Amino acid sequence: MPDMLIKNGTVVDGTGAPAFAADVRIKDGVIAEVGADLSSKGERVIDAGGCYVTPGFIESHTHYDASMWWQPDLDPLPGYGATTMILGNCGFSMAPLHPSKQARDEVMGIFSFFEDIPIGPFQQNVPWDWTTWSEYRKSFENTVKVPLNYASYVGHIPLRLAAMGMDAWDRAATPEEITKMAELLDDALAAGALGLSDNMHDHDGDNRPVPSLLACDAEFSALFDVMDRYPATCYQIIVDTFMRMNGPANLKRLEKLLTGRKIRVQIAGGIPTLFFQAGILPEMQKTIDEMRAAGIDVWPGFAHVSPTSVLSITKSLIFAQSNDYVWHEVVLADSHEEKERLLRDPDWRARARESWDTQAWDHSPLKNPQELLLLDSENGTGPIGGTLKEFADSRGVHRSDAMADWILENGLLSTVHMAPFPKNEELTVALMRDPKTVGNISDAGAHLQMLCGGGENSLLLTKYVREEKAITIEEAVHIMTGKLAEHFFLHDRGVIAPGKRADITVFNLDEVTYHPFEKAWDVPDGKGGKTWRFTRKAAPMRLTLVNGEPTFENGAYTGAKPGQFLSPANDDAPVAIAAE
């Protein structure tokens, strides 16, 4: 890689300190010098006049675990200054694996349902040549080359499946199975996993709680015993503040299990920011405060973007996660012919109306048709641009029947878009400024036909810094860089300083744009054809460097794939980290 000198820029170093004018010298993929008026030593010189020079942005919550095997350009992340992404969140990871084909297929099915990732390319592009997490890492590094660095948790759900097979869905583990899980977790942490991720939130398309929800306290304690031996690892968990609203009970259980342990904890949804969650907010805040007072190193995770999604009958978990399993039957139907038959069937329509009226959560989009937007018609029949409520009222029909009619008339690939949930912006900004929170959560790489995720970081720069001036540029950069590097124990990056890895982005704040979704028909369907995903145009950055190599420049992805598998700093771990 060429050595480089970035001149005439304003450095925002990622620590939260005030910006300052400086040049940045890069040698052998490392920041060699930061100072004023540095002279060229024959390096390539980049003029950053009028631009900020910052650490590369860390995508703190993604699900590219699967899709990076067949979409290695990670579009649109390089164009948004992203240089590192965190995989394996929410209890979902691709390792370890049970040796049975049924259990391996189950891992694919879990990703396909919960993260809305097509199963065809899973079967076609992933070798599945591992059983342990350490073997998975070796396969990954040998096979997948990408433009971002990446680090990954090991998920509690595949740990249970690997130790118990399909029984993981049905019962508590035996002492022998718990011992096996602990051994598999130890293998992962010794091989450089970020830590353990977990799920106290999800139910599948048949309303089954995910396997981790069946874990007893003894199982959790055994896994935490392993983590205690690896002090530079994190425990990431999603609790339910969105569907069954049992997040407060989740937190109290975690408080009991984690007190006295030196484990860093990231709780997705730990302090909910949406107005419909206000009823549980005080108890969640109180328990987080109590956990911190008890010495638990807890970092609530939050999204600066209000959740939104797309309702589709080809790939969507929104119906099931709204507690409506009748419309979910249409999503599961194997063919377009069967989907159309169901949407026209009077008996199905009657069951669908009843489900929307009596089963769907009150805060779900199905109960709020005034927040469902008819925006994406396959054939243009329309109406386009109004709400489902307006369409239903114009026809004098139930909102479920109205959606079935609109999809039938506009084409089965048409989608209905959910307006963002109203959000407490004052609380969101307070979380940004809390020194122990995890921000820049996006879900990028998942829900490819429901949301984009990639590029959501730009809202911190456009909405919160440039337009509303709710936070400073130094705060926005710190949220996406140094603060996250500290949280994940990635001590060699996240800050512009000599000796740090040259993960850097250069941008003119006036040029950064938060672009809308657009469809890209580039996802293999596993049958020799292509299906679509949502993406967005680049921000753009002027320059994105990963380990000193340009991945985005002159308005386009460069094609470079210098990303590396990162491991946390675990100097006190009993086993040396593999491949580091």
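The shown structure was predicted, so the numbers you read here are calculated from the model rather than taken from an experiment.
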Determine, using ring centers only, whether Trp532 and Phe517 are less than 6.0 Å apart. no
Give every residue pair that meets the side-chain hydrogen bond (donor to acceptor under 3.5 Å, both in side chains) criterion with at least one member in residues 192-201, sequence neighbours excluded. His156-Asp198, Asp198-Tyr235, Asn199-Asp202
Please name all residues satisfying ring pair (Phe, Tyr, Trp, His ring centres under 6.0 Å) with His304, sequence neighbours left out, ordered by chain then number. none
Are Phe242 and Phe421 close enough that their ring centres sit under 6.0 Å apart? yes
Ile263 vs Ile296 side-chain heavy atoms within contact, under 4.5 Å: no
Heavy-atom check, side chain of Pro76 versus side chain of His515, under 4.5 Å: no
Salt bridge present between Arg501 and Asp492 (N-O < 4.0 angstrom): no
Do NZ/NE/NH1/NH2 and the carboxylate oxygens of Asp225 and Arg261 come within less than 4.0 Å? yes
Just wondering, do Arg137 and Glu141 contact through their side chains at under 4.5 Å, heavy atoms? yes
Decide yes or no for Ile26 and Leu545: does some side-chain heavy atom of the first lie under 4.5 Å from some side-chain heavy atom of the second? yes
Please tell me whether Glu425 and Tyr464 have a donor and an acceptor in their side chains that are separated by less than 3.5 angstrom. yes
Residues two or more places apart in sequence or in another chain: which of them pass ring pair (Phe, Tyr, Trp, His ring centres under 6.0 Å) with Tyr80? none
Are any side-chain N or O atoms of Trp130 and backbone N or O atoms of Met94, one a donor and one an acceptor, separated by less than 3.5 Å? yes
N-O pairing of Arg25 and Asp3 below 4.0 Å: no
Please tell me whether Asn457 and Asn440 have a donor and an acceptor in their side chains that are separated by less than 3.5 angstrom. no
Take the angle between the ring planes of Phe488 and Tyr153 and call it parallel below 30°, perpendicular above 60°, tilted in between. perpendicular
Identify the heavy atoms of Ser306 and Leu274 that sit nearest to each other, and give their distance. OG-CD2, 3.8 Å
After noting the C-alpha distance and the side-chain angles of Lys436 and Asp297, does the key distance pass the salt bridge (Lys or Arg N to Asp or Glu O under 4.0 Å) rule? CA-CA 9 Å; Lys436 287 194 172 185; Asp297 186 17; 3.0 Å; yes
Go through it in stages, so that I can follow the logic: the residues are Gln564 and Val546, the test is side chain to side chain contact (heavy atoms under 4.5 Å, CB included), and I'd like the CA-CA distance, side-chain angles, deciding distance and then a yes or no. CA-CA 9 Å; Gln564 299 175 0; Val546 173; over 6 Å; no
With sequence neighbours left out, the residues meeting side-chain hydrogen bond (donor to acceptor under 3.5 Å, both in side chains) with Asp75 are Arg533, Thr535
Run the side chain to side chain contact (heavy atoms under 4.5 Å, CB included) test on Asp443 and His63 for me, step by step, so that the C-alpha distance in whole Å, both residues' side-chain angles and the decisive distance to 0.1 Å come before the verdict. CA-CA 6 Å; Asp443 245 15; His63 292 281; 3.1 Å; yes
Between Arg536 and Ser458, do the side chains contain an N or O donor and an N or O acceptor separated by less than 3.5 Å? no
Taken in chain and number order and not counting sequence neighbours, the residues that satisfy side-chain hydrogen bond (donor to acceptor under 3.5 Å, both in side chains) with Lys530 are none
Smallest heavy-atom separation, Phe302 atom then Leu431 atom, equals CE2-O, 3.7 Å
Search all heavy atoms of Cys90 against all heavy atoms of Ile157 and return the closest pair with its distance. O-CD1, 4.4 Å
N-O pairing of Glu43 and Lys27 below 4.0 Å: no
Working to the nearest 0.5 angstrom, can you tell me the gap between His61 NE2 and Gln236 CD? 5.5 Å
Examine distances only and state if a side-chain atom of Lys7 and a backbone atom of Leu38 form a donor-acceptor pair shorter than 3.5 Å. yes
Donor-acceptor pair, distance only, cut-off 3.5 Å: does the side chain of Arg542 make one with the backbone of Ala48? no
Are Leu258 and Val265 packed together at the side-chain level, in the sense that at least one heavy-atom pair is separated by less than 4.5 angstrom? yes
For the side chain of Thr62 and the backbone of Glu59, is there at least one donor-acceptor N/O pair under 3.5 Å apart? no
Output all residues satisfying salt bridge (Lys or Arg N to Asp or Glu O under 4.0 Å) with Asp434, sequence neighbours left out; order by chain, then residue number. Arg292
